[in-house]
Undergrad: 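Once you've had a glance at the structure underneath, I'll fire off some questions.
Letters A, B, ... are given to chains in the order of the sequence lines, protein chains preceding strands, and every chain is numbered from 1.
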There are 2 protein chains.
Amino acid sequence: MDSKKYCYEYPRPSVTTDCVIFGFDGVDLNVLLIERGIEPYKGKWAFPGGFVQMDESAEACAKRELFEETGIKDVFIEQLYTFSDVERDPRGRVITVAFFALVKTSEYQLLAGDDAIKAQWFKIKDIPALAFDHDLILRIAQNRIKGKIRYQPIGFELLDKKFTMPQLQLLYESILEVKFDRRNFSTKLMKTGLLIQLNEKMENVPHRAPRYLMFDKKKYNELQSSGFNFEI
Amino acid sequence: MDSKKYCYEYPRPSVTTDCVIFGFDGVDLNVLLIERGIEPYKGKWAFPGGFVQMDESAEACAKRELFEETGIKDVFIEQLYTFSDVERDPRGRVITVAFFALVKTSEYQLLAGDDAIKAQWFKIKDIPALAFDHDLILRIAQNRIKGKIRYQPIGFELLDKKFTMPQLQLLYESILEVKFDRRNFSTKLMKTGLLIQLNEKMENVPHRAPRYLMFDKKKYNELQSSGFNFEI
DNA sequence: TCACCAATGTGTAAATAAAACACAAAGAAT
DNA sequence: ATTCTTTGTGTTTTATTTACACATTGGTGA
């Protein structure tokens with residue numbers, strides 16, 4: 001019996017998705033990688049991904065693969081770029097639609113020592129050798145998040161629902177790879193009118209405790225539809 | 001003889017490229033469309049595009065199709081977004097990698113009344129019914145060019161090598177759909193240091209003739225590699 | 001020929017935003 | 001109670017953006 005049962009008049013490339021998953025550990029920006037168990041690039045690290053099925057869009061595929069390989073779901077995800085170099089996959093012609101996702105790491109405990117798939121967070125400054133053209137994909141993803149965080153409030157997707165101003169600042173600094181003046185940063189962010197101050201402070205810190213904040217997503221959506229734009 | 005000779009173990013989508021071509025006629029932003037001669041959407045207007053071959057990247061495909069269908073080559077072209085909705089093409093599963101191109105309309109005279117392919121410029125404000133999901137593609141392309149022109153000097157790709165400040169301002173205004181103060185616009189653009197004033201003026205205008213300018217691409221490339229960024 | 005007209009070229013003042021900087025207050029540790 | 005580290009809330013200075021005015025050019029037509 002012939003296993004190659006799907007036949008076409010012209011040759012077709014395979015289409016896959018890959019997903020660059022960003023997380024924030026409080027100090028550094030991190031990326032979630034999966035160790036490949038099979039050739040090619042066996043033992044190398046790669047982004048989770050897989051083949052687009054005939055009944056799902058690329059975005060649906062990216063979300064499905066993300067959940068299947070890491071257990072992550074219902075997170076911010078956005079199309080990044082499509083990589084289509086002829087030689088990018090040694091197995092043949094594979095076009096990949098790359099996505100990037102932002103996750104609150106505290107909500108997803110990785111199942112360490114899981115049998116099938118070995119997933120691990122890596123600091124963005126300490127990435128191992130990657131499979132395929134995933135180093136290129138990562139570089140483009142990093143540039144995208146750097147550009148995007150300045151004009152869209154995506155940073156909050158990486159923090160817990162409740163966060164403090166110092167945490168928010170560390171996040172911005174780690175993504176943009178710059179340092180901000182603490183006072184100017186706070187003033188600017190509060191001036192957006194999108195941060196709600198809670199009557200609650202951090203506990204068990206050996207100094208003055210910072211107050212908790214929340215991002216006002218409802219207000220942002222309202223402002224956005226009336227032609228407002230977030231700028232840091 | 002069976003024409004379906006390319007067989008695979010799993011089904012594969014077709015992959016195409018489409019290209020949104022922007023041009024500027026001195027007053028309005030325009031888009032180049034092609035009238036479809038065959039079903040589906042026969043008689044409707046669409047972006048030029050076609051199937052990705054096995055030996056070419058998506059970008060190479062977009063450039064090839066652009067030349068084959070319009071005669072345009074060696075222009076600014078950039079990947080826009082990949083459209084992969086399951087139902088976007090009635091012929092079957094077709095994923096399209098969309099691009100956008102910027103052309104100097106004066107350099108490409110459309111072959112009016114050409115037999116095979118009927119191409120025509122349309123003002124962005126006066127677009128006919130489009131085939132497939134091309135109205136969605138156009139909307140996303142328009143948003144992209146709006147965002148991009150503010151932080152990259154792509155406007156010059158739409159103007160002749162020599163242009164005047166009023167022409168440049170009209171271009172920015174037509175893309176961004178806003179009005180600028182003539183004096184502030186000029187000051188800001190000259191302050192980038194990337195415009196070379198020529199000792200030449202426009203002729204045969206019934207008022208003071210504006211001076212011609214050129215974009216200093218060489219200087220821009222040098223500045224860019226040393227971490228400079230263009231901002232309007 | 002010369003005033004007229006429509007647009008260009010250049011500049012300045014006011015308003016706004018960004019950057020630099022200082023001190024008081026909280027809360028755990030001693 | 002004192003010390004220490006970090007947060008919260010300013011002010012001053014500088015740079016950028018916005019608003020606005022007048023002189024200049026060059027063809028047009030009385």
Undergrad: Could you check how far CG of B/Asn184 sits from P of C/dT16, rounded to whole Å?
TA: 15 Å
Undergrad: Which of parallel (below 30°), tilted (30 to 60°) and perpendicular (above 60°) describes A/Phe163 and A/Phe156?
TA: tilted
Undergrad: Checking B/Thr96 against B/Thr16 for the side chain to side chain donor-acceptor pair (under 3.5 Å) test, could you report, in this order, the C-alpha distance in whole Å, the side-chain angles of both residues, the deciding distance, and whether it holds?
TA: CA-CA 5 Å; B/Thr96 195; B/Thr16 66; 2.9 Å; yes
Undergrad: Distance check needed: C/dG9 P versus B/Met165 CE, whole Å only.
TA: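 In whole Å, C/dG9 P lies 8 Å from B/Met165 CE.
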Undergrad: Taking atom C1' of C/dT10 as reference, at what distance in whole Å does atom NZ of B/Lys191 sit?
TA: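 Atom-to-atom, B/Lys191 to C/dT10, this comes out as 14 Å.
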Undergrad: When the distance from CG of B/Asp181 to C1' of C/dT8 is rounded to whole Å, what number comes out?
TA: 13 Å
Undergrad: Counting only heavy atoms not in B/Lys104, do more than 12 sit closer than 6.0 Å to its NZ atom?
TA: yes
Undergrad: Assess whether side chain to side chain donor-acceptor pair (under 3.5 Å) is satisfied between B/Asp160 and B/Ser106, documenting all intermediate values.
TA: CA-CA 7 Å; B/Asp160 290 342; B/Ser106 62; 2.5 Å; yes
Undergrad: For B/Lys146, I'd like to know if atom NZ has over 12 heavy atoms of other residues, nucleotides or ligands within 6.0 Å.
TA: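 For B/Lys146, atom NZ is crowded (more than 12 foreign heavy atoms under 6.0 Å).
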Undergrad: Report which part of the nucleic acid B/Arg182 touches: base, sugar-phosphate, or nothing (heavy-atom distance under 4.0 Å, all strands).
TA: base
Undergrad: Expressed as a whole number of angstroms, how long is the span from A/Arg150:CZ to C/dA18:P?
TA: 10 Å
Undergrad: Run the numbers on A/Lys44 and A/Glu35 for salt bridge (Lys or Arg N to Asp or Glu O under 4.0 Å), then give the verdict.
TA: CA-CA 6 Å; A/Lys44 287 277 192 300; A/Glu35 191 174 28; over 6 Å; no
Undergrad: Within a radius of less than 6.0 Å around NZ of A/Lys217, do more than 12 heavy atoms belonging to other residues, nucleotides or ligands occur?
TA: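 Counting neighbours around NZ of A/Lys217, 12 or fewer heavy atoms of other residues, nucleotides or ligands fall under 6.0 Å, so no.
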Undergrad: Between A/Thr82 and B/Thr82, is any side-chain donor less than 3.5 angstrom from a side-chain acceptor?
TA: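 The answer is yes; a qualifying pair exists.
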Undergrad: Please produce a list of atom pairs where a protein N or O lies less than 3.5 Å from an N or O of nucleotides 24-28 of chain C.
TA:
residue, atom, partner, partner atom, Å
C/dA25, N3, A/Arg208, NH1, 3.2
C/dA26, O4', A/Arg208, NE, 3.3
C/dA26, N3, A/Arg208, N, 3.4
C/dG27, OP1, A/Lys201, NZ, 3.3

Undergrad: In whole Å, what is the span from the CZ atom of A/Arg183 to the C1' atom of C/dA22?
TA: 7 Å
Undergrad: Chain A on DNA chain D: first and last contacting nucleotide, 5' to 3', under 4.0 Å to a heavy atom?
TA: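 Span of nucleotides near chain A: D/dT5 to D/dG10.
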